[in-house]
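Report on the structure given below.
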Amino acid sequence: MLLVAAGLFYTNQANREQQRLAVQQQQLAVQQQVADRFARAVDQLGQEGAGKLSIRLGGIYSLQRLMRDSPADEPSIIEVLCAFIRNHAPAPRPAKTNRPSPPPNASPGDVRAAFVVLAHRPSPDDRANSRLDLPDTWLSLPHANLGDAHLSFTDLSFANLTSAHLSDADLSFANLTGAHLSDADLRGADLGIAQLRGADLRGAHLSDVNLRGADLRRADLRGAYLTGAYLRGANLDGANLTGAHLRFADLSDTDLSGASLHDADLRDARRDETTRLPGDVPTPSG
């Protein structure tokens, strides 16, 4: 009996060891497959020339799938795609602060695709994936589909986002200085503490948007729809709000002292003693 028991014990030990080795080999095979997919996609991204656009797009969408299949590789893929955008959409000289006009043409299709993929990355709340490193770029993405995008802290200064779909997007702390957002759909977006100084927001849809603490100095908001917008603590000094729709907006502690509010709809807007309005607009009592 002892010999039988000992034999069974060693047999079980051997089986377990074989199973462990099989699992280990399977994991190594999966890792090698991921590495091969990553290398092929990066090689596709490096194919230059107008005739290789479809190959670069294939690489971008391969990396998108790989982010979903291999979460551990998401930070590296984000770095690769950010580097691709920086290399293919660099800010021209002189410095961006001297360039109020939008880029003359829309960004190439591969740059546009890479940006949309990054904006919808699978795990944006993970610390390693929370920010996109895109300084000194000049993006032109009119009509881009960026609803629910995660662009917090992203540098989009002077970007052309005319008529872009940005509803429910996270743009908190984003740098949108001088950005072109006319007719953009920003309903429900988070623009808290965003830099929007000098931005073009003419006719933009900003209903129920969070603009708490945003810098909107000298922004062009003519005809913008700000119904129900949360503007507490925002700085709109020098902003043009002619004909803007501000009904039910929260203007508590908002600086509108140098803003143009001609024909703006302020009905039912929340104002209190901390709201700073131009001299020709009465502050409500109580």
Side-chain angles (χ1 to χ4, degrees), residues 96-103 140 142 155-167 169 171-286:
K96 283 197 272 190
T97 51
N98 296 325
R99 295 185 288 103
S101 299
S140 184
D155 185 356
L156 294 168
S157 50
F158 297 97
N160 180 9
L161 293 162
T162 303
S163 300
H165 177 60
L166 285 154
S167 61
L171 288 154
S172 57
F173 298 94
N175 182 2
L176 289 153
T177 302
H180 298 263
L181 289 152
S182 57
D183 298 314
D185 183 358
L186 287 149
R187 286 173 290 187
D190 185 357
L191 284 154
I193 322 295
Q195 298 295 317
L196 287 152
R197 193 168 184 171
D200 182 356
L201 288 151
R202 287 174 294 171
H205 293 266
L206 293 150
S207 301
D208 301 313
V209 71
N210 175 27
L211 283 158
R212 180 170 184 166
D215 185 352
L216 286 150
R217 284 175 287 177
R218 296 197 298 278
D220 191 342
L221 288 148
R222 284 177 287 175
Y225 295 87
L226 287 148
T227 306
Y230 189 68
L231 285 151
R232 183 184 289 267
N235 189 343
L236 288 124
D237 184 32
N240 190 344
L241 287 148
T242 300
H245 305 267
L246 287 154
R247 195 168 186 184
F248 300 109
D250 187 347
L251 302 176
S252 306
D253 195 30
T254 303
D255 186 1
L256 290 150
S257 55
S260 173
L261 290 163
H262 181 66
D263 288 333
D265 186 357
L266 290 161
R267 287 176 297 166
D268 303 305
R270 181 177 177 181
R271 296 176 279 173
D272 58 19
E273 66 280 358
T274 64
T275 305
R276 294 173 290 287
L277 294 164
D280 57 347
V281 178
T283 301
S285 57

I'd like to check D185 versus H165 (side-chain heavy atoms, cut-off strictly below 4.5 Å). Are they in contact?
yes
Distance from R218 atom CZ to N235 atom CG, nearest 0.5 Å?
10.0 Å
Heavy-atom closest contact (T254 atom, G233 atom, distance):
OG1-N, 3.8 Å
Would you call L221 and L206 a side-chain contact if the rule is heavy atoms closer than 4.5 Å?
yes
pair T177-D155: side-chain heavy atoms closer than 4.5 Å
no
Closest approach of A234 and L216, non-hydrogen atoms and distance?
CB-CD1, 4.5 Å
Closest non-hydrogen atoms of P278 and A259, given as atom of the first, atom of the second and distance, are CG-O, 3.3 Å
Taking D237 first and then R276, would you say they form a salt bridge - that is, a charged N and a carboxylate O separated by under 4.0 Å?
no
Report the distance from atom CZ of F248 to atom CG of D265, rounding to the nearest 0.5 Å.
9.0 Å
Give a yes-or-no answer on whether the side chains of N240 and D220 include a donor-acceptor pair shorter than 3.5 Å.
no
Do the side chain of T275 and the main chain of L251 share a donor and acceptor less than 3.5 angstrom apart?
yes
Quick one, L277 and R271 - any side-chain contact, counting heavy atoms below 4.5 Å?
yes
Lys/Arg-Asp/Glu bridge criterion (N-O < 4.0 Å) met for D268, R247
yes
Say you draw a straight line from CZ of R267 to NE2 of H245; how long is it, rounded to the nearest 0.5 Å?
10.0 Å
When you compare the side chain of L196 with that of L181, does any pair of heavy atoms fall below 4.5 Å?
yes
Compare all side-chain heavy atoms of L236 with those of L231 and state whether any distance is below 4.5 angstrom.
yes
Separation between CG of D190 and CG of N210, rounded to the nearest 0.5 Å:
4.5 Å
CG-CZ distance between L191 and F173, expressed to the nearest 0.5 angstrom:
11.5 Å
Should we count CZ of R212 as having more than 12 external heavy atoms under 6.0 Å?
no
If you compare all heavy atoms of L171 against all heavy atoms of A194, which two are closest, and at what distance to 0.1 Å?
O-CB, 3.8 Å
Pair D253 + R232: basic N to acidic O under 4.0 Å
no
Answer with yes or no whether the side chains of T274 and S252 bring together a donor and an acceptor at under 3.5 Å.
no
Quick one, R197 with D215, criterion side-chain contact (heavy atoms from CB on, under 4.5 Å). Give me CA distance, side-chain angles, the key distance, then yes/no.
CA-CA 6 Å; R197 193 168 184 171; D215 185 352; 4.1 Å; yes
Could you please spell out the steps behind the side-chain contact (heavy atoms from CB on, under 4.5 Å) verdict for L256 and L241?
CA-CA 10 Å; L256 290 150; L241 287 148; 3.5 Å; yes
Closest approach of A189 to V209 (non-hydrogen atoms, all atoms of both residues):
O-CG2, 2.9 Å
Side chains of H180 and S182: any donor to acceptor distance under 3.5 Å?
no
Just verifying a value: how many Å separate D250 CG and L226 CG, rounded to the nearest 0.5 Å?
12.5 Å
Looking at every non-hydrogen atom in both residues, tell me the closest pair between L176 and A199 and how far apart they are.
O-CB, 3.8 Å
